[in-house]
Amino acid sequence: LRHAVRHGLDRVIYVAPFTTIIEQNADVFRRAFANLVKEGIPDPVIEHHSNLDERNETFRSRLAAENWDAPLVVTTSVQPYESLFACRPSRCRKLHRIARSVILLDEAQTLPVDLLEPTLRALRELTERYGSTVVFCTATQPAVLRRDGFPIGVEGVREIVPEPRALYEAMKRVRVDDLERVGDADLAKRLAEHEQVLCVVNTRSHARAIHESIRGEPGGFHLSASMCPEHRTQKLGEIRRRLASGAPCRVVSTQLIEAGVDIDFPVVFRSLAGIDSIAQAAGRCNRNGGLPGLGQVYVFRSEHVRSERYFADTTNCASQILPSFEDPLSLEAMERYFRLYYWEQSARWDAKRISDQFHLLQDLSLPFAFGYATAAQRYRLIEDEGRPVVVPWGARGRELCEELRASADSPDRRLLRSLQRFTVRVASRTWDQHVGRSIDLIGDRYPVLISPELNYSDELGLSLEASPSSFLNC
């Protein structure tokens with residue numbers, strides 16, 4: 001914020017890749033900038049994401065979120081990226097606020113390769129013509145700099161920390177060992193050997209299987225997007241308390257725990273994924289540097305090959321890196337990984353041909369005949385976001401669902417916003433199979449789980465009768 005004020009900029013926009021870390025970071029920001037409230041700036045921090053609790057929302061904060069009218073905006077990647085290519089007023093209402101802003105892109109390496117060129121072009125446009133400053137934040141070295149063989153990269157980038165290698169050495173807190181192929185039974189035995197351990201896998205079905213195999217061990221937890229946000233928040237609180245007290249704590253999670261979730265284990269197991277994802281998992285190991293030595297990270301190849309085909313691109317690149325570097329998290333290993341994943345895939349930089357919608361025409365009478373609608377349709381960070389199911393979990397969830405049934409014809413915005421804290425997304429095919437069976441469409445619009453006692457557990461979250469592959473991965 002000081003940088004923004006000093007350079008005459010209007011606001012800071014903090015962009016995180018996942019909703020799982022939005023509320024955590026927004027609370028930290030509010031504590032840090034509490035003095036601004038004393039100076040007469042109401043609501044210096046606004047959140048714009050789907051998990052906002054209406055108990056913390058006011059009429060002004062809702063309007064400010066839609067219009068990004070605050071010194072610090074906290075949002076997820078979908079909002080700013082897709083809004084830059086949107087063509088509808090509801091999405092474009094905030095765009096003028098991006099000009100003359102500091103845009104902090106947390107976990108910048110999560111940009112999908114198929115959208116890389118149009119995204120980087122949009123960011124360059126903001127910095128060159130609209131007075132914005134873009135900060136790429138990542139645990140790995142930035143992979144988006146312009147260089148030989150990567151002409152779409154951004155130019156004029158400088159390191160905030162002048163000596164990355166010195167920083168890497170100073171922050172080295174883990175050792176990474178490659179276990180190669182490990183079956184579920186062997187993995188369960190290895191997890192049982194550690195009192196406090198985190199295991200991160202790539203799919204919900206794999207997380208369920210591993211959790212089931214260690215259910216008899218004390219302090220077992222499961223985390224995935226099968227659990228509604230309110231449920232996950234409660235579980236993370238329990239996990240942090242056990243870790244702090246030294247109690248047994250064995251957590252099996254999908255990758256949702258990786259990006260910025262403030263949690264600290266002495267040992268982490270990570271199913272093979274991209275090197276950037278392995279680095280994120282390593283960030284949950286010895287996070288606070290409290291161990292006498294290095295924390296231990298184990299990378300293993302899962303037996304769930306078919307269900308993990310979605311991750312084939314990144315895992316194939318990682319498979320080439322692991323045998324070649326003693327430390328796969330080193331700066332050299334990271335550069336080689338991104339060369340394989342980003343720089344050597346030029347045919348995919350704009351796989352949906354979005355940039356083609358913005359060529360200037362030779363006809364001077366209509367030079368700006370841009371394909372805004374086509375670009376908006378093609379630019380999607382998440383291809384299949386799935387379909388929502390509202391879960392009456394806990395006393396608060398049941399109360400909200402009862403309120404929804406009572407006001408099905410015209411539920412107010414407050415109610416709909418609060419229900420998002422109790423929503424789980426499932427694949428569209430699974431959703432279609434269960435509407436009218438396990439899912440009740442209230443008012444023909446709002447899908448609510450009919451029997452949570454049958455289809456939602458405190459350990460695993462939502463479980464509908466469908467093949468594991470039909471669930472969304474995270």
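A salt bridge does not link Asp262 to Arg240: none of the charged side-chain nitrogens sits closer than 4.0 Å to a carboxylate oxygen. Salt bridge annotation for Arg91-Glu82: present, with a cationic side-chain nitrogen under 4.0 angstrom from a carboxylate oxygen. The existence of a salt bridge linking Asp313 and Arg348 is confirmed by a sub-4.0 Å separation between a basic side-chain nitrogen and an acidic carboxylate oxygen.
Other residues, nucleotides and ligands contribute over 12 non-hydrogen atoms within 6.0 Å of the CD atom of Glu332.
Cys199 and Leu187 get closest at one heavy-atom pair: SG-CD2, 4.0 Å. Nearest heavy-atom pair, Arg287 versus Ile263, reported as atom, atom and distance to 0.1 Å: CD-O, 3.3 Å. Residues Cys137 and Leu104 share a closest heavy-atom pair of SG-CD2, 4.4 Å. Scanning both residues, Val389 and Val426, for their nearest heavy atoms gives CG2-CG2, 4.2 Å. Here the closest heavy-atom approach between residue Cys87 and residue Ala373 is recorded as SG-CA, 3.8 Å. In terms of heavy atoms, Arg124 sits closest to Gly153 at NH1-O, 3.6 Å.
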Walk me through whether Asp432 and Arg387 qualify under side-chain contact (heavy atoms from CB on, under 4.5 Å).
CA-CA 9 Å; Asp432 291 338; Arg387 303 291 295 275; 4.0 Å; yes
Walk me through it: do Arg378 and Asp356 pass the test salt bridge (charged side-chain N to carboxylate O under 4.0 Å, His left out)?
CA-CA 11 Å; Arg378 293 179 180 178; Asp356 290 349; over 6 Å; no
Starting from the C-alpha separation in whole Å, work towards a yes-or-no answer on side chain to side chain donor-acceptor pair (under 3.5 Å) for Thr315 and Arg301.
CA-CA 9 Å; Thr315 56; Arg301 286 145 181 80; over 6 Å; no
Decide yes or no on side-chain contact (heavy atoms from CB on, under 4.5 Å) for Phe300 and Leu272, but give the supporting numbers first.
CA-CA 6 Å; Phe300 65 94; Leu272 183 64; over 6 Å; no
Is there a side-chain contact (heavy atoms from CB on, under 4.5 Å) between Arg93 and Ser83 once you walk through the steps?
CA-CA 9 Å; Arg93 185 177 298 143; Ser83 293; over 6 Å; no
Under the side-chain contact (heavy atoms from CB on, under 4.5 Å) criterion, do Leu115 and Ile354 qualify, and how do the steps go?
CA-CA 8 Å; Leu115 297 175; Ile354 295 170; 3.7 Å; yes
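Residue Glu117 holds its CD atom at 5.5 Å from CD1 of Ile152, rounded to the nearest 0.5 Å. How far OG of Ser271 is from CG of Leu179: 11.0 Å, rounded to the nearest 0.5 Å. Rounding to the nearest 0.5 angstrom, the gap separating the CH2 atom in Trp349 from the CD atom in Gln345 is 10.0 Å. Residue Leu120 holds its CG atom at 6.5 Å from CG of Leu111, rounded to the nearest 0.5 Å. Atoms CZ and CG, on Phe221 and Leu236 in that order, are 10.0 Å from each other to the nearest 0.5 Å. In this structure, the separation between CG on Leu462 and CZ on Arg425 is 13.0 Å, given to the nearest 0.5 Å.
Aromatic ring pairs are classed by plane angle as parallel below 30°, tilted from 30° to 60° and perpendicular above 60°; the pair Tyr298 and His194 is tilted. By the 30° and 60° cut-offs, the orientation of the rings of Tyr379 relative to Tyr81 is tilted.
In this structure, Cys285 and Arg173 have side chains that are not in contact, with every pair of non-hydrogen atoms separated by 4.5 Å or more. Using a 4.5 Å heavy-atom threshold, the side chains of Ser302 and His206 count as touching. Using a 4.5 Å cut-off on side-chain heavy atoms (C-beta onward), Leu116 and Phe150 make contact. Residues Phe265 and Cys249 are in side-chain contact: their nearest non-hydrogen atoms beyond the backbone lie under 4.5 Å apart. Between Leu198 and Ile257 there is a side-chain heavy-atom pair separated by less than 4.5 Å. You'll find the side chain of His434 stays beyond 4.5 Å of the side chain of Arg429, heavy atoms only. Residues Val12 and Val73 fail the side-chain proximity criterion, which asks for heavy atoms closer than 4.5 Å. Residues Val74 and Phe29 meet the side-chain proximity criterion, which asks for heavy atoms closer than 4.5 Å.
Under the rule for a salt bridge (Lys or Arg N to Asp or Glu O under 4.0 Å), the partners of Arg336 that lie at least two apart in sequence or sit in another chain are Glu344.
In this structure a side-chain-to-backbone donor-acceptor pair under 3.5 Å is missing from Asp178 to Leu322. Side-chain atoms of Trp431 come within 3.5 Å of backbone atoms of Pro388 as a donor-acceptor pair (strictly under, hydrogens ignored). Put simply, the side chain of Glu155 never gets that close to the backbone of Arg146: no donor and acceptor are under 3.5 Å apart. When atom types are taken as modelled, the side chain of Asn202 and the backbone of Ala273 share no donor-acceptor pair closer than 3.5 angstrom. For the pair Asp276 (side chain) and Gln280 (backbone), a donor-acceptor distance under 3.5 Å is absent. Side chain of Asn286 to main chain of Leu291: a donor-acceptor pair is present (N/O by atom type, distance under 3.5 Å, no hydrogens or angles). For the pair Asp114 (side chain) and Ala351 (backbone), a donor-acceptor distance under 3.5 Å is absent. A donor-acceptor contact shorter than 3.5 Å links the side chain of Glu303 to the backbone of Asp184. Between the side chain of Asp106 and the backbone N or O of Val15, no donor-acceptor pair lies under 3.5 Å. Side chain of Ser132 to backbone of Ile98: a donor-acceptor contact under 3.5 angstrom is found.
A cation-pi arrangement is absent between Arg97 and Trp68 under the rule of less than 6.0 angstrom and at most 45 degrees off the ring axis.
Between Tyr337 and Trp343, a ring centre-to-centre spacing not shorter than 6.0 Å is recorded.
Partner of Ser226 under the side chain to side chain donor-acceptor pair (under 3.5 Å) criterion, out of Arg232, His231, Arg204: Arg204 alone. Only one option out of Ile278, Val182, Asp177, Val268 pairs with Val299 in a side chain to side chain contact (heavy atoms under 4.5 Å, CB included); it is Ile278.
With no hydrogens or angles considered, no side-chain donor-acceptor pair links Thr133 and Arg100 at under 3.5 Å.
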